[in-house]
**Student:** 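Can you keep this structure in mind? I'll have questions shortly.
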Protein chains: 2
Amino acid sequence: MASSYPKGLATRQRLIDSMLALIQLHGYHGTGLNTVLARSGAPKGSLYFHFPEGKTELGIAAVGLAGDQFAELIGSATTTASSPNAVVDALVAELKGILEASDYQAGCPVSSVALDAGSGNEPLREACGQVYDAWVSAVVSYLATFGLEKEQAQPVATSMICLVEGSLILSRAHKSTQPLDAAAGTLKMLMKAVHSEASA
Amino acid sequence: MASSYPKGLATRQRLIDSMLALIQLHGYHGTGLNTVLARSGAPKGSLYFHFPEGKTELGIAAVGLAGDQFAELIGSATTTASSPNAVVDALVAELKGILEASDYQAGCPVSSVALDAGSGNEPLREACGQVYDAWVSAVVSYLATFGLEKEQAQPVATSMICLVEGSLILSRAHKSTQPLDAAAGTLKMLMKAVHSEASA
DNA sequence: TGAATAATAGACCAGTCTATATATTTTATG
DNA sequence: CATAAAATATATAGACTGGTCTATTATTCA
């Protein structure tokens, strides 16, 4: 069970934050625990105290944090923006900011873990799947606000998440926001299409 | 310069094939060269003989092969299928076959490398970018066959590739083809939209 | 304050990592 | 056949890996 003491909590959080930051740069297998320790300033004993299952458990916590952060982005964009296009613009602006601020290094922790560890580490694979589900659900909820039935919304929401993840990867490979910009255009097209479909 | 002798060529190819297969399972950093050697049956001296720049060079060759294989899939679908929807169906059927045959382990080598090694290894990042460019170009060429201008086609083609890559990742995380199926529906929607746009 | 628990600290371990080195074998060709 | 180049084969090296272990310190709470 997780600690409830403030100082331990802070150490634990630094470990998760560091793991998340490094996974984005090097992937799961490319992130060595010693670099996590160096970055977080936590002692090795603390790592195994807080995460007795080791690297996997820390990886799961990092994926969970990434999931929460992106869900927060989706939630913020969908509650404050005034139109589907504005939602896309808000979200893409945030993602762009993240990409540019990090010289295209940041942005895709969950997919990174899914690809790196998803074939031989079932708990990690499931953690990624759950995060994706949460993101898709958030988009479905938004699409429901203009009357789209869940069954209709689900595949489109899934595609939107796929599109965003894919575009972040291509943006990284190209060191350019062009793929993300292209995805923004396509997301708007999809929003428009489902909006029409919901009105019909 | 690469060898032109048949026996050496075969060894070299086995190394690339093996690297590609293992990257799909474990990512770039999670693939150790000793496992590549074990899988290919090649001796270590041969690895460095054929790839004097080491792991990076082998990784680039593997990415190139993956790029060629997927470009072949795109080419085949776009030349044999009778309609945009049939193109999508053909491509998705192939990808589905790959996913299912491999228990969702195979399918995303280029994105795997882009995420794993794209931040610290410039030659690998560029190799991934070039493969993505080739794929986007192949889709642009197809979209041009129904009259879409290149400038119009480029962002949509980019999004299509992003969508497919993303959907393969989500399919892996879910151990289900549902994300790929969802992407297929969305690809058809996009095909329809650009088809209308080209006719207008 | 004292006791129990939480957390830290860092040494140690066996295994794996990528790459180097060098001797040997194989291949190609005149 | 002889020679040069290609390719193979395997031992070696230092660095890094995730995890274990145990002593010590810090924190919590009655």
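To find a chain, count down the sequence lines: A is the first, B the second, and so on, and within it residues start at 1. Excluded from the calculations below are hydrogen atoms, water molecules and symmetry mates; all remaining heavy atoms, backbone and side chain alike, are included.
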**Student:** Has B:Q13 got more than 12 heavy atoms of other residues, nucleotides or ligands less than 6.0 Å from its CD?
**Tutor:** yes
**Student:** Assign each of B:Y48 and B:K7 to its nearest nucleotide of DNA chain C by heavy atoms, then name whichever residue's nucleotide is nearer the 5' end.
**Tutor:**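 Of the two residues, B:Y48 wins.
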**Student:** Looking at C:dA9, I'd like to know if its phosphate oxygens (OP1 or OP2) sit under 4.0 Å from a side-chain N or O belonging to A:K44.
**Tutor:**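 No, outside the criterion.
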**Student:** Rounded to whole Å, please give me the gap between CZ in B:F51 and P in C:dT18.
**Tutor:** 15 Å
**Student:** Side-chain N or O of B:T11 less than 4.0 angstrom from OP1 or OP2 on D:dT8?
**Tutor:**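 Yes, such a contact exists.
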**Student:** Expressed as a whole number of angstroms, how long is the span from A:R14:CZ to C:dA9:C1'?
**Tutor:** 14 Å
**Student:** Mind calculating the distance between CG (A:L37) and P (D:dG18) to the nearest angstrom?
**Tutor:**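 Interatomic distance, CG of A:L37 to P of D:dG18: 9 Å.
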**Student:** Side chain of B:N34, heavy atoms from C-beta onward: which of D:dT8, C:dT18, C:dA6 has the nearest atom to it?
**Tutor:** C:dT18
**Student:** Tell me whether A:D17 is salt-bridged to A:R39, with the criterion being a basic N under 4.0 Å from an acidic carboxylate O.
**Tutor:**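 No, A:D17 and A:R39 are not salt-bridged.
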**Student:** Rounded to the nearest angstrom, tell me the gap between atom CG in B:L9 and atom P in D:dA6.
**Tutor:**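 After rounding, the gap between these two atoms is 13 Å.
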**Student:** Under 4.0 Å, heavy atoms only, any strand: does B:T31 hit a base, just the sugar-phosphate, or nothing?
**Tutor:**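 Sugar-phosphate, backbone atoms only, no base.
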**Student:** Roughly how many Å is it from NE2 in A:H29 to C1' in C:dT16, rounded to a whole number?
**Tutor:** 13 Å
**Student:** When you check the side-chain N and O atoms of A:N34 and A:K44, is any donor under 3.5 Å from an acceptor?
**Tutor:** yes
**Student:** Return whichever of A:G30 or A:P52 has its heavy-atom-nearest nucleotide of DNA chain D closer to the 5' end.
**Tutor:** A:G30
**Student:** Have B:Y132 and B:S111 got a donor and an acceptor in their side chains that come within less than 3.5 Å?
**Tutor:**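 Side chains of B:Y132 and B:S111: pair found under 3.5 Å.
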**Student:** In whole Å, what is the span from the CG atom of B:L33 to the P atom of C:dT18?
**Tutor:**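 Roughly 4 Å, once rounded to whole Å.
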**Student:** I want to check one thing: is the phosphate of D:dT8, taken as OP1 and OP2, less than 4.0 Å away from some side-chain N or O of B:H50?
**Tutor:**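 It does, given that an N or O in the side chain of B:H50 lies less than 4.0 Å from OP1 or OP2 of D:dT8.
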**Student:** Among D:dT10, C:dA6, D:dA6, which is the nearest nucleotide to the side chain of A:F49?
**Tutor:**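 Nucleotide nearest to A:F49's side chain: C:dA6.
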**Student:** When all nucleic acid strands are considered with a 4.0 Å heavy-atom cut-off, which category describes A:G45: base, sugar-phosphate, or nothing?
**Tutor:** base
**Student:** Using a heavy-atom cut-off of under 4.0 Å over every strand shown, decide if B:T56 touches base, sugar-phosphate, or nothing.
**Tutor:** nothing
**Student:** Can you tell me the distance, in whole Å, between the CG atom of B:L58 and the C1' atom of C:dC17?
**Tutor:**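 Distance, rounded to whole Å: 15 Å.
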**Student:** Please check if the number of heavy atoms outside B:E57 that lie under 6.0 Å from its CD is greater than 12.
**Tutor:**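 For B:E57, atom CD is crowded (more than 12 foreign heavy atoms under 6.0 Å).
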**Student:** Expressed in angstrom and rounded to an integer, what is the separation of B:H26 atom NE2 from C:dC17 atom P?
**Tutor:**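 After rounding, the gap between these two atoms is 10 Å.
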**Student:** Report yes if a donor N or O on one partner sits less than 3.5 Å from an acceptor N or O on the other, where the partners are the side chain of A:K55 and the base of D:dG19; otherwise report no.
**Tutor:**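 Per atom types, no contact qualifies.
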